[in-house]
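Heads up: the structure comes next, in structure tokens.
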Amino acid sequence: MAYVLGVDVGTTRTTAAVCRLDGARDAEIALVVPSLLQLTDAGTFTVGERGAPGWTASGFARRVGDAVPFALGPEMCPAEELTALLIMWAVGEVVAREGEQPRHLAVSHPAGWGPYRRGQLYAALRAVGLHDVTLVPEPLAAAENHAVRSRVVPDASLAVFSLGSHAFSASVVRRAQKRTFELVNHVDGVDHHTGADFDDLLLGLVRGRLGKDGHVSSAECEAAKRAFGPSGPSVVVSGVEIARDEFVEEIRPSVDHLVGTFVRALGTVQPDAVLLVGGGCRMPVIGDALSSSVDCRVLAEAAPEHSVAKGLAVAARLVLMGPEAEPAPLDTSVLVHTREASLRFPVGEVPNPEDDEFSAPPPRPPVDVSPLELPPRRVKRVASVLKPVGRRSSSRSRDDDEDGR
């Protein structure tokens with residue numbers, strides 16, 4: 001069955017979603033894999049497995065265009081090259097499952113990227129054989145995913161609160177008359193706590209109880225953090241019980257800082273809804289704090305870390321097919337982050353948008369200053385020996401780790 005593909009490379013997880021061209025407009029998660037590339041002694045790259053120090057790269061997607069490459073063993077690898085290799089591998093895995101190539105590929109990037117960084121990523125993707133690609137800012141992808149499920153009228157504004165393992169951003173997007181989304185405002189957090197920092201705060205609470213000889217892993221704390229919920233009064237980590245209220249009190253200053261920055265990013269805009277994006281938004285305290293600070297709905301999917309990837313697939317479908325007749329209402333719902341059960345509500349239908357920004361990339365200029373141009377010989381060699389290693393999951397798996405927005 002013909003399909004399009006969206007790939008979101010986060011600092012922690014890379015997520016791929018597919019959207020069928022002759023089926024529903026909603027997208028489905030096809031792949032989730034750790035955003036890790038390891039160079040082996042044999043000179044090959046493996047995906048999703050952390051190796052010896054100095055031989056594994058992570059967090060490279062946010063450093064595209066950086067003049068400082070990653071040192072992996074004897075190799076010096078620019079961030080855009082590593083990002084393109086991981087995307088190429090993800091596409092290959094989906095192709096192996098689907099039995100055919102996607103008709104179009106959409107890839108996410110931070111909203112703050114300018115033409116240089118986008119051009120570097122385009123060049124790297126072409127170097128590994130991916131030519132039919134559209135780059136989409138992350139908040140616009142999240143808005144497209146939301147628009148599949150809920151009616152968004154022209155001139156309506158949506159705010160996007162994105163909190164991943166290692167990044168925070170606040171954005172405002174608006175739907176124009178042509179059913180396109182455009183970016184109104186965007187702020188990248190610099191000195192804000194993110195998902196990994198909250199893991200460390202929980203780890204500190206546990207170590208304070210265990211003493212200096214106690215041992216607790218970050219992975220345990222991450223899983224315990226996600227176990228906190230409105231009905232979960234406490235969690236047990238390494239035999240230590242931590243009350244939900246105790247954890248909330250510990251992270252309250254950090255949450256207030258995040259929400260304060262988000263409210264300032266809104267300025268005078270009164271959004272119709274706030275979209276929660278990223279695995280860090282699984283913590284109910286985030287939604288509760290936002291609900292008390294904004295006068296609109298605060299919405300999140302069951303897995304907010306997948307919102308961008310699914311929106312990318314929707315955007316890729318729009319590139320090929322454009323807007324169509326209004327679909328029938330989807331049988332789904334979104335939860336306002338509050339303990340009020342009465343504030344659960346069904347999501348209505350929505351016309352499918354068309355976004356001029358989701359067009360093919362512009363032609364490369366005659367003079368392109370590109371100090372990090374990929375060496376074609378080495379890229380082809382690396383691409384030919386890229387092997388899948390490590391855990392991989394589909395939409396039916398239990399891998400719910402945060403994506404690194």
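For the numbers below, each heavy atom of this structure counts, side chains included, while hydrogens, waters and symmetry mates do not.
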>> Going by the rule ring-ring contact (aromatic ring centres under 6.0 Å, His included), which residues pair with W113 if we only count those two or more places apart in sequence or in a different chain?
In response: H109
>> Once side chain to side chain donor-acceptor pair (under 3.5 Å) is applied, what residue pairs with a partner in residues 51-60 remain, sequence neighbours excluded?
In response: none
>> Strictly distance-based, threshold 3.5 Å: is any side-chain N or O of S293 a donor or acceptor partner for the main-chain N or O of A289?
In response: yes
>> Would the distance check show the side chain of T14 and the main-chain N or O of S35 forming a donor-acceptor pair, the cut-off being under 3.5 Å?
In response: no
> Which atom names give the shortest non-hydrogen contact between L163 and H193, and what distance separates them?
Replying inline: CD1-O, 3.9 Å
>> List the residues meeting salt bridge (charged side-chain N to carboxylate O under 4.0 Å, His left out) with R63, not counting sequence neighbours, and say none if there are none.
In response: D66
> Considering only heavy atoms from C-beta outward, does the side chain of R62 approach that of T11 to under 4.5 Å?
Replying inline: yes
>> Check this for me: does any side-chain nitrogen of one of E28 and R20 sit under 4.0 Å from a carboxylate oxygen of the other?
In response: yes
>> Is there a side-chain contact between V4 and L320 in this structure, where contact means two heavy atoms from C-beta onward sitting under 4.5 Å apart?
In response: yes
> Under 4.5 Å between any side-chain heavy atoms of P102 and V95, yes or no?
Replying inline: yes
> Of all heavy-atom pairs between G311 and E144, which one has the smallest distance, and what is that distance?
Replying inline: O-CB, 4.0 Å
> OH/Y122 to CG/L125 distance, rounded to the nearest 0.5 angstrom?
Replying inline: 8.5 Å
>> As an exercise, state the distance from CD of E93 to CZ of R97, rounded to the nearest 0.5 Å.
In response: 11.0 Å
>> Is the shortest side-chain heavy-atom distance between L275 and S307 below 4.5 Å?
In response: no
> What ring pair (Phe, Tyr, Trp, His ring centres under 6.0 Å) pairs are there with at least one residue in residues 3-28, not counting sequence neighbours?
Replying inline: none
> Does E249 have any salt bridge (charged side-chain N to carboxylate O under 4.0 Å, His left out) partners at least two apart in sequence or in another chain, and if so, which?
Replying inline: none
> What heavy-atom pair brings S234 and A243 nearest, and what distance separates the two atoms?
Replying inline: CB-CA, 3.9 Å
> Given H186 and S169, is the side-chain hydrogen bond (donor to acceptor under 3.5 Å, both in side chains) satisfied, shown in steps?
Replying inline: CA-CA 7 Å; H186 176 77; S169 66; 4.7 Å; no
> For D272, which residues count as a side chain to side chain donor-acceptor pair (under 3.5 Å) partner, sequence neighbours excluded?
Replying inline: none
>> Show the nearest heavy-atom pair for residues L290 and L276, with the distance to one decimal.
In response: CD1-CD2, 3.3 Å
> H104 and L5: side-chain contact (heavy atoms from CB on, under 4.5 Å), yes or no, with the steps?
Replying inline: CA-CA 6 Å; H104 194 71; L5 179 63; over 6 Å; no
> Are side-chain heavy atoms of L37 and W89 found at a separation under 4.5 Å?
Replying inline: no
> Between L105 and I87, does a side-chain contact (heavy atoms from CB on, under 4.5 Å) hold up when you go through it step by step?
Replying inline: CA-CA 10 Å; L105 171 65; I87 294 171; 4.2 Å; yes
> With distance as the sole criterion, is a donor-acceptor pair present between the side chains of S238 and E220 under 3.5 Å?
Replying inline: yes
> Can a salt bridge be assigned to the pair E80 and R117 using a cut-off of 4.0 Å between side-chain N and carboxylate O?
Replying inline: no
> Counting only heavy atoms not in R103, do more than 12 sit closer than 6.0 Å to its CZ atom?
Replying inline: no
>> Ignoring hydrogens, what is the shortest heavy-atom contact between F45 and C77? Give both atom names and the distance.
In response: CZ-SG, 4.1 Å
> Among all residues two or more places apart in sequence or in another chain, which pass the side chain to side chain donor-acceptor pair (under 3.5 Å) test with R50?
Replying inline: none
>> Between V136 and S108, does the side-chain contact (heavy atoms from CB on, under 4.5 Å) criterion hold? Intermediate values first, please.
In response: CA-CA 5 Å; V136 184; S108 64; 5.8 Å; no
> Will you find, in the side chains of D197 and T194, an N or O donor that is under 3.5 Å from an N or O acceptor?
Replying inline: yes
> Roughly how far apart are L140 CG and N145 CG, rounded to 0.5 Å?
Replying inline: 12.5 Å
>> Is there a salt bridge (Lys or Arg N to Asp or Glu O under 4.0 Å) between R175 and E182? Walk through the geometry before answering.
In response: CA-CA 6 Å; R175 177 158 240 179; E182 58 187 11; over 6 Å; no
> Does anything in residues 271-295 pair up under ring pair (Phe, Tyr, Trp, His ring centres under 6.0 Å), and if so which pairs, sequence neighbours excluded?
Replying inline: none
> Is any side-chain heavy atom of L86 less than 4.5 Å from a side-chain heavy atom of L82?
Replying inline: no
> With sequence neighbours excluded, what pairs up with E241 under the salt bridge (charged side-chain N to carboxylate O under 4.0 Å, His left out) test?
Replying inline: none
>> Measuring only between side-chain heavy atoms, which start at C-beta, is S218 closer than 4.5 Å to D199?
In response: no
>> Checking R207 now: which residues fulfil side chain to side chain donor-acceptor pair (under 3.5 Å) with it, not counting sequence neighbours?
In response: none
> Between CZ of F168 and CG of D191, what distance do you get to the nearest 0.5 Å?
Replying inline: 10.5 Å
> Looking at A17 and A309, what are the two nearest heavy atoms and their distance?
Replying inline: CB-O, 3.5 Å
>> So, taking the atom named CG in D200 and the one named NZ in K225, what distance separates them when rounded to the nearest 0.5 Å?
In response: 9.5 Å
>> Which residues pass the salt bridge (charged side-chain N to carboxylate O under 4.0 Å, His left out) test with R252, not counting sequence neighbours?
In response: none
> Rounded to the nearest 0.5 Å, how far does CE of M321 lie from CG of D22?
Replying inline: 8.0 Å
>> Taking CG in D155 as the centre, count heavy atoms belonging to other residues, nucleotides or ligands within less than 6.0 Å. Is the count above 12?
In response: yes
>> Would you say that L312 contacts V107 through its side chain, given a criterion of any heavy-atom pair below 4.5 Å between the two side chains?
In response: no
>> As a quick check of understanding, evaluate side-chain contact (heavy atoms from CB on, under 4.5 Å) for R13 and V33, giving each step before the final call.
In response: CA-CA 6 Å; R13 290 288 184 272; V33 64; over 6 Å; no
>> Using a 3.5 Å distance criterion without hydrogens, assess whether the side chain of S291 forms a donor-acceptor pair with backbone atoms of G287.
In response: yes
>> According to ring pair (Phe, Tyr, Trp, His ring centres under 6.0 Å), does anything in residues 247-290 pair up with another residue at least two apart or in another chain? List the pairs.
In response: F161-F262, H192-H257, F228-F247
> For L39, does its backbone N or O pair with a side-chain atom of E75 as donor and acceptor, under 3.5 Å?
Replying inline: no
